[in-house]
Trainee: 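One structure follows; several queries about it will come next.
Values below: all heavy atoms of this structure, side chains included; hydrogens, waters and symmetry mates excluded. Numbering of ligands and ligand atoms starts at 1, following listing order.
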Amino acid sequence: MTLERVLAPVLLATVALSAGCPSRGGEYDRRRQAMVANQIVARGIRDPKVIAAMASVPRHRFVPAELRAAAYADGPLPIGAGQTISQPYIVALMTESLALAGGERVLEIGTGSGYQAAVLAGIADTVYSIEIVPELAARAAAILDTLGYRNVRVRAGDGYEGWPERAPFDAVIVTAAAPRLPEPLVAQLREGGRIVAPIGDELQELEVYEKTAAGLALLSRVPVRFVPMRGKIREHERGQR
Ligand code: SAH
């Protein structure tokens, strides 16, 4: 028997396995490249740094194991504690809206799965990320560490107050919907830097601002849907009821 005849069934079996079993790295890579082409580039994301980061971060490692097969689908997914990992396009859009050149210090409020932090970490110098649900913060920190993201710091707590010891930041990203921009986050943004946040209640808009000497300048606004920001930002609201 020739070597080919011996190997052919083995090769066929391998191909069949990798096609049917998405737990193989190659299949996830293929799905991720398709996601970048069909959901990210096709919808107008242009920044090569953002596209490269979306093409490299293994999103399937940031979702619960039983949802891995859907990791590259065009939507958000539950990550436990009633929270979600955002749709890939929204992650790309928010990242691009910060107009990072590379080398920035970025503050993220709402670590969630850690996926958005990983995408930012591929572009920025350091990402400081705060998550109010301690179990999510711990899980995100662990997976970021396992995957080798050494430039992300995760802290459990209410992101409303920001991270004053590490301020000022070159960019701030809020990934939970707030009734208004938390004032301390604006204070911790350097002049010339950008802040992006979903603002609103039932109806929300993703607002992008640049901090100028004269105050905040609104750059863009698009309708979105995020889980609500919790904690101190709501205190005032409750007091009014
Ligand atoms: N960026 C995340 C998606 C986060 S969903 C990702 O890539 O997976 C929004 C997250 O914000 C949730 O995990 C929620 O628990 C968290 N959150 C809500 N209010 C918060 C607050 N006040 N401070 C910090 N995190 C908050």
Side-chain angles (χ1 to χ4, degrees), residues 35 39-40 50 53-54 56-64 67-68 70-73 75-98 106-124 127-144 147 149 152-164 166 169 171-186 188 195-201 204 206 224-238:
M35 171 202 78
Q39 302 174 35
I40 308 302
V50 176
M54 296 297 294
S56 78
V57 179
R59 182 171 163 96
H60 61 281
R61 300 294 301 273
F62 293 88
V63 305
L67 294 178
R68 279 193 181 170
Y72 297 99
L77 289 170
I79 54 170
Q83 306 305 319
T84 55
I85 178 175
S86 305
Q87 179 189 11
Y89 172 68
I90 294 294
V91 172
L93 183 68
M94 291 178 83
T95 308
E96 186 174 65
S97 75
L98 295 175
V106 181
L107 175 65
E108 180 190 30
I109 306 305
T111 317
S113 67
Y115 176 69
Q116 171 75 75
V119 170
L120 289 165
I123 303 171
V127 180
Y128 297 89
S129 188
I130 308 177
E131 168 57 52
I132 202 165
V133 179
E135 306 82 74
L136 291 181
R139 203 197 298 156
I143 188 65
L144 287 163
L147 294 175
Y149 290 95
V152 184
R153 311 272 171 276
V154 178
R155 177 160 118 174
D158 189 338
Y160 177 84
E161 303 286 5
W163 200 317
R166 294 284 176 264
F169 299 97
V172 178
I173 175 170
V174 183
T175 70
R180 61 180 189 281
L181 283 179
E183 299 78 14
L185 302 186
V186 176
Q188 289 171 31
I195 181 166
V196 58
I199 301 295
D201 223 342
Q204 306 162 9
L206 191 63
V224 284
R225 192 157 182 105
F226 277 79
V227 297
M229 185 171 184
R230 295 149 55 181
K232 275 196 189 122
I233 190 92
R234 306 283 167 192
E235 270 172 17
H236 194 57
E237 259 176 29
R238 272 200 298 275

Trainee: Less than 3.5 Å between some nitrogen or oxygen of Q116 and one of ligand 1, yes or no?
Mentor: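 It does: an N or O of Q116 is found under 3.5 Å from an N or O of ligand 1.
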Trainee: Among protein heavy atoms, which lies nearest atom 15 (O) of ligand 1, and at what distance?
Mentor: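 Here the closest protein heavy atom is E131 OE2, 2.6 Å.
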Trainee: Are L136 and Q83 side-chain neighbours, meaning at least one heavy-atom pair lies under 4.5 Å?
Mentor: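 A side-chain contact under 4.5 Å exists here.
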Trainee: Do me a favour and list the nearest non-hydrogen protein atom to atom 17 (N) of ligand 1 with residue, atom name and distance?
Mentor: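 Residue, atom and distance for the closest contact: I132 CG2, 3.7 Å.
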Trainee: Quick one: does ligand 1 sit under 4.0 Å from the side chain of K232, the backbone, both or neither, non-hydrogen atoms only?
Mentor: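 Answer for K232: neither.
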Trainee: Using heavy-atom distances only, which candidate in T84, I173, I79, D158 approaches atom 3 (C) of ligand 1 most closely?
Mentor: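 Heavy atom nearest to atom 3 (C) of ligand 1 belongs to T84.
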Trainee: Say whether, by atom type as modelled, one donor and one acceptor occur between the side chain of Q87 and the main chain of P76 under 3.5 angstrom.
Mentor: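 Absent.
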Trainee: Among all protein heavy atoms, pick the one closest to atom 19 (N) of ligand 1 and tell me residue, atom and distance.
Mentor: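 Going atom by atom, the protein heavy atom closest to atom 19 (N) of ligand 1 ends up being R230 N, 2.9 Å.
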Trainee: Under a 4.5 Å cut-off applied to non-hydrogen side-chain atoms, are T84 and L77 in contact?
Mentor: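 T84 vs L77: side chains apart.
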Trainee: Under 4.0 Å from a heavy atom of L136: give me the atoms of ligand 1 that qualify, with their elements.
Mentor: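 Those of ligand 1 that fall under 4.0 Å from L136 are 13 (O).
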Trainee: I need the nearest protein heavy-atom contact for atom 8 (O) of ligand 1: residue, atom name and distance, please.
Mentor: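 Nearest protein contact, heavy atoms only, for atom 8 (O) of ligand 1 is S113 OG, 2.6 Å.
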Trainee: Compute the minimum heavy-atom distance from G159 to ligand 1 and say whether it is under 4.0 Å.
Mentor: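 Under 4.0 Å: yes for G159.
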Trainee: I need the contact type for V91 against ligand 1. Using non-hydrogen atoms and a strict under-4.0 Å cut-off, is it side chain, backbone, both or neither?
Mentor: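 It is neither part, as no heavy atom is under 4.0 Å.
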Trainee: V119: heavy atom below 4.0 Å from ligand 1, yes or no?
Mentor: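 Per 4.0 Å heavy-atom rule, V119 does not contact ligand 1.
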Trainee: Could you tell me whether Q83 approaches ligand 1 through its side chain, its backbone, both or neither, with non-hydrogen atoms closer than 4.0 Å?
Mentor: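 The answer is the side chain.
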Trainee: Should the ring pair Y72 and H60 be called parallel, tilted or perpendicular, given that the plane angle runs from 0 to 90° and is split at 30 and 60?
Mentor: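 Answer is tilted, since the angle falls between 30° and 60°.
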Trainee: Between R155 (side chain only) and I130 (backbone N and O only), is there a donor and an acceptor less than 3.5 Å apart?
Mentor: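 Absent.
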Trainee: Just so I know, are the side chains of L206 and V196 near enough to count as touching, which here means a heavy-atom distance under 4.5 Å?
Mentor: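 Heavy-atom side-chain distance check passes, below 4.5 Å.
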Trainee: Looking only at protein heavy atoms, which one is nearest to atom 11 (O) of ligand 1, and how far off is it?
Mentor: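 Here the nearest protein heavy atom works out to G110 CA, 3.2 Å.
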Trainee: Can you tell me if G157 contacts ligand 1 (heavy atom of the residue under 4.0 Å from the ligand)?
Mentor: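 Yes, G157 has heavy atoms under 4.0 Å from ligand 1.
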Trainee: Given 3.5 Å as the limit, does a donor-acceptor pair link the side chain of Q188 with the main chain of E161, or not?
Mentor: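 Such a contact is found between Q188 side chain and E161 backbone.
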Trainee: Of the protein's non-hydrogen atoms, which lies at the shortest distance from atom 9 (C) of ligand 1, and what is that distance?
Mentor: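 So the nearest neighbour among protein heavy atoms is T175 O, 3.3 Å.
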Trainee: With side chains defined as the heavy atoms from C-beta onward, is the minimum distance between I40 and P88 less than 4.5 Å?
Mentor: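 The answer is yes, as the side chains (C-beta and beyond) meet within the 4.5 Å cut-off.
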